[in-house]
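Shown next, in structure tokens, is the structure this report addresses.
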Amino acid sequence: MSQARGETCPIGVRFQVAPATWRIGLDRKAGGGSCTPGPGVSMPSSTFAPPPAQLDLPGLEKAILDLWRVRDVEGRSLRTTTRPDGSPRPAFVFYDGPPFATGLPHYGHLLAGTIKDIIPRFWCMRGYQVERRFGWDCHGLPIESLVESELGLHGKADIEGYGVPRFNAACRAGVLRFTAEWERVVQRMGRWVDFRNDYKTMDFSFMESVWWVFGQLWDRGLIYEGYRVSPVSPALGTPLSNFEVAQGPQERDPVTRKEGHKRRQDPSLTVRFQLEDEDAALWAWTTTPWTLPSNLALAVHPEVVYVKIRVVETGEIAYLEPGRLADYQSRGRIGQAEELARVPGSALVGRPYTPLLPYFEAYKSRPDGTRWAFRVVAATYVTTDSGTGIVHQAPAFGEDDFQVGQAEGLPLICPVNLAGIFDERVPDFAGQFVKDADKGIIERLKRERKLVDQDTIVHPYPHCYRTEQPLLYMALSTWFMQVEPLRERLVDNNHKIHWVPEHVGAGRFGNWLENARDWNLSRNRYWGTPLPIWRCDRDPTDMCCVHSVAELERLAGLAAGTLKDLHRESIDAISWPSKAGGTMRRIVEVFDCWFESGSMPYAQNHYPFEKKEYVEDNLPADFIAEGLDQTRGWFYTLHVLSTALFDRPAFKNVIVNGLILAADGKKMSKRLKNYPDPGLVIESYGADALRAYLINSAVVRGEPMKFGKNAQDLTGECVKETVRVAVLPLWNAFNFLVTYARADGWAPGPEDLGPQPLANPLDRWITSRVGSFIAELTREYETYELSNLVPAFLRICDDFNNWYIRRGRRRYWREKAGGADGDKQQAYATLFRALVAISRAMAPVLPFLSEFLHQRLVVDTGLAGPEEDSVHFCRFPTAEEFLRDEQLELDVEVARSVVALGLSLRERERIGARRPLGAVTVVSHSPAVLERLRRGEADILGELNVKQVLVSSDDTALVDLGAKPNLKLLGKRLGPKLKAVSAALQGLGQDELRTFAAGGSLLVEGETLGPDDVLLVRAPKPGLVVASEGALTIALDTEISEALKLEGLAREIVSAIQPVRKLKFPNDVSQRIHLKVWSEGALAATLRRPELVEMIRAETLAVSFELLPFPSEWSPHGTIAVPANLELAVIEGEPIAIAIEPLEPA
RNA sequence: CGGCCCGUAGCUCAGUCGGUAGAGUCCUCGCCUGAUAAGCGGGAGGUCGGAGGUUCGAUCCCUCCUGGGCCGACCA
């Protein structure tokens, strides 16, 4: 590593661990550890350091963080562009979506961060360079709102009074307040990402690239000025985004129980519009009286039938929808009515009516004399479930009204400003807030007898997320990007993206693209990238879109390099003379901050002003990952801009993660405190465990995840479980290797990292399994399917610990039978190699533990290759390095199922596995299975503790056969006849079934059934110790001979002695002992058998053995009490006392 | 109101290209242990959200309903 880079780290730097705390042994004197080589020792010792007395995962992780920091491991990973052999690393391109820097990271960020860490780490290990630049979204309403409230400002008037320069300065100063905390949490999670070389959307260079992007769209004619009906918060004096509207106060509807907008009481007016061509009225309903002065049309559904009535009481003649009439009558709002006629809506279309209020009468006719406004129009959105079926139209104040107005060519009249105040065009109410004007408007209508009915209504209505005041909808001038013409290209390009999960791309995202609407990308705000449009104050059609800083300086006559910033305070004052003799001034709007994050692939590198070639080479991204909520957010804006600019997708692969909910299934809420503090979880169980926990869920496939074991889990118990199942097994395997290798003086050599010829099937088996595991993991990483990583890892850990190590345990403590022990060497080498490979393959997921293992197993032992001072610089293992033997893997599977069956039989019969039995009989009809059984005989003997494995292909004596139809096959073939055949199969006799089992066929209900058509089930015959699973049957011989009985007792004695050994010598598994036992009766008889004593000595590492009778003074009252230095055990009711002394004083 | 996802054991979730449902955890009983804040096994626990339809057969496919989540639209 370091030598080539000329750094000062000596090769022999050790990573060592003190019992309670963990630290790096950079400073040897401070380290003071037990097996650090002394000063001046440059070569590492070859044996492993002792395992720590206790495992402290968070402590271990902090030590690793120190190690990474000291060796600049992270920095080298982020920036190294060559491989150890000097060849260039190809780029794997990753884009990091910028979070708002105005809040602290939560679990959603930790999850996304873990995904964004795992994939790049994998590709790094595959020899790629992965640039990972952290990004910050600095602009937008969140920070503006924050600053506004901190400065005590309320609304746009306040901000403008305070001054945009000062306001923006406050935003700039405040926006990065949480970055240090973000950095701390991200690093603690083990995520490697470049904070030093980050990007910010408020950077001068970033903003200039945004201008360039916009300029490209402008040049292609994709930008236009239009109107859009937006929700406006009059209190804030600003339009709100849909996002902000959705953040508004919510309330559950008392009837439907559905969550929705906060409810509000509004006036409910039914208003009379007088037709000009008939002495009749059209009744229309509204809840917003303030929009009535701006009424320009009435809408009917062309296909709905309307009724013309005479109200008996008043004689008034009116039109409305009959169902609605009945509703008014049933509520007692209108009395008896006489039906005069029925007409379809289409018959009403075009008819003129008298303006309700006089303010806009001028729009009655166009200049050519044709009727313009105040007429009936057709609109299919009109419904008949509320109101009158005739809808009042004020095109400036409703989305639907606006659409109808556009379609009908109606004028757009908006006599209300953003603060909700009427202007002079409505002189009676000018200067009044619209909601306050409601009252006056109602009074006037009442006075003029234009009110049919007055009531109130309580309905859900959007409210401002900050002031809780009701929002107003009004048409505002905004800048749009044309997206609709791009739809086809958007959809096409989407097909080139690999989505995980697939359905998001095809479903949610695809549907969204197909219905994409033009993008309103301007905002009437302050702290954002300004739209680079200058416009003539005399001729509004003369506009100039500025593409770069240099162009602006040129236009404004400024010296190159004058401009240092592009925010409003720096450029709003810039102007120049226009062609029409006026002045070119900047329009006031800033960009939607989604436009900025969508420009990130270009803007983070100041494209095209810098690094032009580099950026073009690195488009599109290989990989991005964000939450499902970004479907319409970042994913969309990236895709739209990339399609518009380059007609290709912005990213090739994307992982979409689901939302993390609290354990109770609700949203995580600081207020409710319904989730554990992430920092606490990390400090209790470690980041590795949290990463594994987060990844081990369908949340990496876009589905929601409940964080926690149950609703009471506020401490992160769920993560503790992950420690136990996913972290400890690997740790334990490591601990085993180190414990015995140290006891044995075994140390790995360079050859142990590579393939070697292996004699022992157990070694060949685990090697093959490791290969399968690596193949499996590689596939998952390569396809961005992260949810199977941990399950696959758990399976290999089970195989490793509960079969390979368990079965092979004795190989490691076998004493040298003089000379080299080849099998033992291979056992160690295989164990070592498997551990190294497994930990490397999991390094992207468990970066800390695998680093620790790498340091201990490879670096400490001097086996690390060039640049391999961190596991994360190692090559990802390939399956080809591990000799695969599928047959062997199947052999072991068979053996393990026999063992499982046997153990369950012992359980049933209450015969502990310590007691040896004479034989197990295993029956299978399959010659292949029998062959596998023969190969797995040793395992079965050992695990089931039997003396003999008998195999047979005849289970006649053991089980009764039954027959079931193979539904899958027979269903298709027989159809309705299946039921009869099934019934007949039940009634078959043993003889017939035996013949069939031997390879015959069955004739049932006229159907000939072959071997595949019928499934045989085996039921143990009563009274036998037999178990059956599938085609496999086993029987235990439970007859216990005298020899078996004595051997069983001997093993009981051994297992009574071992805990004493462990108690006395907890840290030395190879301690030799002197053994003394006191015993009488049957146990003593056992202990007089030389071969059993020899067995006991070998098992307990006893160099001497002495059997004594109980001294009489131990049992003065009939019960035995032994001195304190002895242990007393009871085996089959007989007491035995045990004394252990070390061979040499410990 | 629309789009997408989800509803399976007390809890967290697999799964089934349609053939009679499985893991982990909890509870309980037992076994095993010269690595293990261990390991293994037995038991208990489910009309696979509801109702129709297609089919010999539906937890799986279709329709409707219902509950939850996300995104979006609307509320005259």
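Model, not experiment: these values are computed from the prediction. Sequence lines set the chain letters: A, B, ... in the order given, protein chains first and strands last, and positions in each chain run from 1.
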Return the value, rounded to whole Å, for the distance between atom [atom1] of [X] and atom [atom2] of [N].
{"X": "A:D401", "N": "B:rC75", "atom1": "CG", "atom2": "P", "answer": "7 Å"}
{"X": "A:L944", "N": "B:rC32", "atom1": "CG", "atom2": "C1'", "answer": "13 Å"}
{"X": "A:N696", "N": "B:rU12", "atom1": "CG", "atom2": "C1'", "answer": "11 Å"}

Between [options], which nucleotide gets closest to the side-chain atoms of [X]?
{"X": "A:D798", "options": "B:rA76, B:rC40, B:rA35", "answer": "B:rC40"}
{"X": "A:R724", "options": "B:rA37, B:rG39, B:rC32", "answer": "B:rG39"}
{"X": "A:R806", "options": "B:rC70, B:rC32, B:rU25", "answer": "B:rC32"}
{"X": "A:R1051", "options": "B:rA35, B:rU33, B:rA37", "answer": "B:rU33"}
{"X": "A:H503", "options": "B:rG3, B:rC5, B:rA35", "answer": "B:rC5"}
{"X": "A:E721", "options": "B:rC74, B:rA35, B:rG24", "answer": "B:rG24"}

Assign the ring pair A:W499 / A:F635 to parallel, tilted or perpendicular, where the plane angle (0 to 90°) is split at 30° and 60°.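 Geometry flag for A:F635 against A:W499: perpendicular rings.
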Once Watson-Crick and G-U wobble pairs under 3.5 Å are found, how is RNA chain B written in dot-bracket notation, 5' to 3', with | for any base paired to another strand? (((((((..((((.....[..)))).(((((.......))))).....(((((..]....))))))))))))....
Ion pair check, A:D799 and A:R896, cut-off under 4.0 Å: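 The answer is yes: the pair qualifies as a salt bridge.
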Under-4.0 Å salt bridge between A:D518 and A:R228: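 No, A:D518 and A:R228 are not salt-bridged.
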Can you find a side chain N or O atom of A:N802 that sits less than 4.0 Å from OP1 or OP2 on B:rC40?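 Yes, within the criterion.
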Which side chain to side chain donor-acceptor pair (under 3.5 Å) pairs, counting each pair once, include a residue from residues 504-514 of chain A, with sequence neighbours left out?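 Listed by first then second residue: nothing to list.
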Specify the residue among A:T291 and A:P729 whose closest nucleotide of RNA chain B lies further upstream toward the 5′ end.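 Closest to the 5' end, via its nearest nucleotide, is A:P729.
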Counting any heavy atom closer than 4.0 Å, what does [X] reach on the DNA or RNA strands: base, sugar-phosphate only, or nothing?
{"X": "A:N515", "answer": "nothing"}
{"X": "A:F509", "answer": "nothing"}
{"X": "A:L728", "answer": "base"}
{"X": "A:R906", "answer": "nothing"}
{"X": "A:I805", "answer": "base"}
{"X": "A:E399", "answer": "sugar-phosphate"}

B:rC5 base / A:R508 side chain donor-acceptor hit below 3.5 Å: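 Counting by modelled atom types and ignoring angles, no donor-acceptor contact under 3.5 Å is found here.
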